[in-house]
Amino acid sequence: MFLGIDLGTSGVKIVLVDDDQKIVGSADASLDVMRPHDGWSEQSPADWISATKRAMSILRRDHAHQMMMVEGVGLSGQMHGATLLDEADKPLRPCILWNDTRSHAQAAKLDAIPAFREKTGNIVFPGFTAPKLAWVRDEEPEIFAKVKKVLLPKDYLRLWLTGEHISEMSDSSGTSWLNVGQRVWDDELLAATDLTIQHMPKLVEGSAEAGTLRPFLAAEMGLPGHIPVAGGGGDNAASAIGMGTVAKGNAFASLGTSGVLFAANDAYLPNAQSAVHAFCHALPDTWHQMGVILSATDALNWYAGITGTTAAELAAECGETLQGPSGATFLPYLAGERTPHNDAVIRGTFANLSHDTSRNVMTRAVLDGVSYAFRDCLEALRDAGTELTKVTAVGGGSRSKYWLETLATVLGIPIEIPEDGDFGAAFGAARLAMIATGRGTAEEICTPPAVTEAIAPNAKFEAAYEDGYARYRALYPAVRSILGENT
């Protein structure tokens, strides 16, 4: 048996997986986010431990026999969070989370230093860890002076579980302190935030052992003693491990609240200017790229709220037969956009509305617009040297066959639908534990789920969607010019 622990923003999820990679049991425990000021987002590290204990107690209650058979633990977690510890390993303040934007000014200053993009392969976003430390240095100097270690959220859980300060490559890629190509902490980047390598945890690969479970905790949780804890991965990398997206050319499109086009690579292929994330994967000598859009199903949910219906009803109204691009054009930038614009100010727009524009036309415009945003991500990946021939669809939006056929036609590549199952970050963490304990190689363990259906591009509408994408691309600079460069 193996455990995968995923520390998310809204809760902790733990899965218990057997040797055949079947999920024997799972448990969840919720977490709250504190927002003391506009743009702030924080959590208490003590709450992560309490939630993990609650979820573990559920598994022990329901699967006591199987818990005593656990041979390894893997960790996954929300990325970018700044957990600041003193010399006694006690948190100095609440953790500043990934979706906290208070450090936007510090992020801009760091991003203006050429070494950051050169060495990390990424823009320094306000959500990343380094600008958060710069903010603490500038605004809370008494706390900054006491910082002895900086840990990412899942690695604080590791400290509690093992007593070790250890992180791994995929999560550390989102700090802006890691030389992503060389997979090492960078002294120059750390110095830009008045830190040194002594403030950082030891680095291992995600599939390597990274400490062992403390015996007293094992006894509390109903587990054997001295269980190895794998390095694990950041949430997206761990999800990719769960999906089997580990080899060059493998990719998935996540149609969740936000959207992610994730591609695995066997080489480091940065493209910072297009706001593509180039990170280390959770396996050795492997990297990945992500194009990220901030409103995917969130855009359809927003429109459903406006029309007084549900997203499922709107999607169902489109029917089963692809109708081609809507006469309207929609920019899904309801919360700004990441790839390819890195624009926090831009907002969503409908264009080319008329008296004939119906609710269904506008629904299709939303589906088209999000699909065009994924096309932007695909083009950004191509510019960075990654060519995809197919993608696997996951997330709530993948339940709409109409939307998937739209997406396949806009991207010009087939969209595969996996069999039902839980292939998320906790499952990926359990897989990394299996590799770390010698249960098998990455190739043997990280297999993709079976495909139930492949949706091909609709040749009848490919030219029309190309024209629609061109209109979509032309709309962004027009709207941006109205907002003004300094908005």
Side-chain angles (χ1 to χ4, degrees), residues 6 8 76-80 98 121-122 125 127 168-171 173-174 180 206 232-272 274-283 286-294 296-297 337-340 370-371 373-398 404 407-408 411 413-418 422-429 431-432 442 446-449 451:
D6 177 44
S76 167
Q78 51 168 301
M79 298 180 68
H80 315 305
W98 62 275
N122 294 277
F125 292 103
E168 48 70 45
M169 307 301 178
S170 68
D171 211 356
S173 296
V180 175
D235 50 7
N236 281 301
S239 294
I241 296 292
M243 282 292 298
T245 307
V246 297
K248 178 182 178 180
N250 290 351
F252 67 80
S254 175
L255 283 83
T257 301
S258 58
V260 174
L261 185 60
F262 183 109
N265 306 107
D266 60 3
Y268 170 51
L269 300 172
N271 185 17
S274 289
V276 167
H277 295 339
F279 289 167
C280 300
H281 210 326
L283 297 173
T286 309
W287 288 259
H288 70 81
Q289 298 163 309
M290 291 189 297
V292 179
I293 62 177
L294 298 181
T297 60
E337 192 53 294
R338 185 73 62 83
T339 306
V370 174
S371 299
F374 272 99
R375 173 68 178 273
D376 273 347
C377 293
L378 180 68
E379 296 299 334
L381 294 182
R382 282 174 173 161
D383 288 345
T386 296
E387 190 68 41
L388 301 179
T389 57
K390 61 182 180 179
V391 297
T392 302
V394 296
S398 65
L404 292 185
L407 182 60
L411 298 182
I413 55 177
I415 305 291
E416 295 185 340
I417 304 174
D422 186 346
F423 310 110
F427 180 65
R431 281 183 155 183
L432 289 167
C446 301
T447 55
V451 174

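Formation of a donor-acceptor pair under 3.5 Å by the Ser170 side chain with backbone atoms of Gly234 is found in this model. Listed for the Arg431 side chain is no donor-acceptor partner under 3.5 Å among the backbone atoms of Ala238. Between the side chain of Thr297 and the main chain of Thr257, a donor-acceptor pair closer than 3.5 Å is present.
In this structure, Ala282 and Gly233 approach most closely via the heavy-atom pair CB-CA, 4.4 Å. When all heavy atoms are compared, the tightest approach of Pro418 to Val394 is CG-CG1, 4.5 Å. What you find for Pro270 and Ala278 is that their closest heavy atoms are CA-CB, 3.7 Å. For the residue pair Gln289 and Ala384, the shortest heavy atom distance occurs at NE2-CB, 3.2 Å. Residues Leu407 and Leu255 come closest through the heavy atom pair CD2-CD1, 4.0 Å. Ala296 and Gly256 make their closest contact through CB-O, 3.2 Å (heavy atoms, listed as atom of the first residue, atom of the second, distance).
Phe262 pairs by the ring-ring contact (aromatic ring centres under 6.0 Å, His included) definition with Phe252, His281, His288, not counting sequence neighbours. For Ser258, there are no side chain to side chain contact (heavy atoms under 4.5 Å, CB included) partners, not counting sequence neighbours. Residues meeting the side chain to side chain contact (heavy atoms under 4.5 Å, CB included) test with Ala275, sequence neighbours left out: Ile123, Phe125, Thr339, Asn342. Every side-chain hydrogen bond (donor to acceptor under 3.5 Å, both in side chains) that Gln78 has, sequence neighbours left out, goes to Gln43. Residues forming a side-chain hydrogen bond (donor to acceptor under 3.5 Å, both in side chains) with Ser239 (at least two apart in sequence, or on another chain): none. Under the rule for a salt bridge (charged side-chain N to carboxylate O under 4.0 Å, His left out), Lys248 has no partner lying at least two apart in sequence or in another chain. Not a single side-chain hydrogen bond (donor to acceptor under 3.5 Å, both in side chains) links His80 to another residue, sequence neighbours left out. Listed by chain and residue number, Thr9 satisfy the side-chain hydrogen bond (donor to acceptor under 3.5 Å, both in side chains) test with Trp98 (two or more places apart in sequence, or in another chain). For Ile417, the side chain to side chain contact (heavy atoms under 4.5 Å, CB included) test picks out Lys401, Leu404, Thr452, Glu453, Ile455, with sequence neighbours left out. Remark: Asp6 pairs with no residue by the salt bridge (charged side-chain N to carboxylate O under 4.0 Å, His left out) rule, at least two apart or across chains. Residues passing the side chain to side chain contact (heavy atoms under 4.5 Å, CB included) test with Ala429 are Ser76, sequence neighbours excluded.
Atom-to-atom distance recorded for Leu261:CG and Ile293:CD1 is 9.0 Å, nearest 0.5 angstrom. Going from atom CG of Asn265 over to atom OG1 of Thr286 covers 9.0 Å, rounded to the nearest 0.5 Å. Note that CE of Met169 and CZ of Phe279 are 14.5 Å apart. Values are rounded to the nearest 0.5 Å. Distance check: Asp171 CG to Asn236 CG gives 10.5 Å after rounding to the nearest 0.5 Å.
Considering only heavy atoms from C-beta on, Asn271 stays 4.5 Å or farther from Leu269 through its side chain. Ile413 has its side chain within reach of Val391: a pair of non-hydrogen atoms, C-beta onward, lies under 4.5 Å apart.
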Side-chain polar contacts of residues 374-381 - donor-acceptor pairs under 3.5 angstrom, sequence neighbours left out - could you list them?
| unit_1 | atom_1 | unit_2 | atom_2 | d |
| --- | --- | --- | --- | --- |
| Arg375 | NE | Glu379 | OE2 | 2.7 |
| Arg375 | NH1 | Val410 | O | 2.9 |
| Arg375 | NH1 | Glu466 | OE2 | 2.8 |
| Arg375 | NH2 | Glu379 | OE2 | 3.4 |
| Arg375 | NH2 | Glu466 | OE1 | 3.4 |
| Arg375 | NH2 | Glu466 | OE2 | 3.1 |
| Asp376 | OD1 | Tyr469 | OH | 2.6 |
| Asp376 | OD1 | Arg473 | NH1 | 3.0 |
| Glu379 | OE2 | Arg382 | NH1 | 2.9 |

Q: Given side-chain contact (heavy atoms from CB on, under 4.5 Å), test Leu432 with Leu283 step by step and report yes or no.
A: CA-CA 9 Å; Leu432 289 167; Leu283 297 173; 4.0 Å; yes
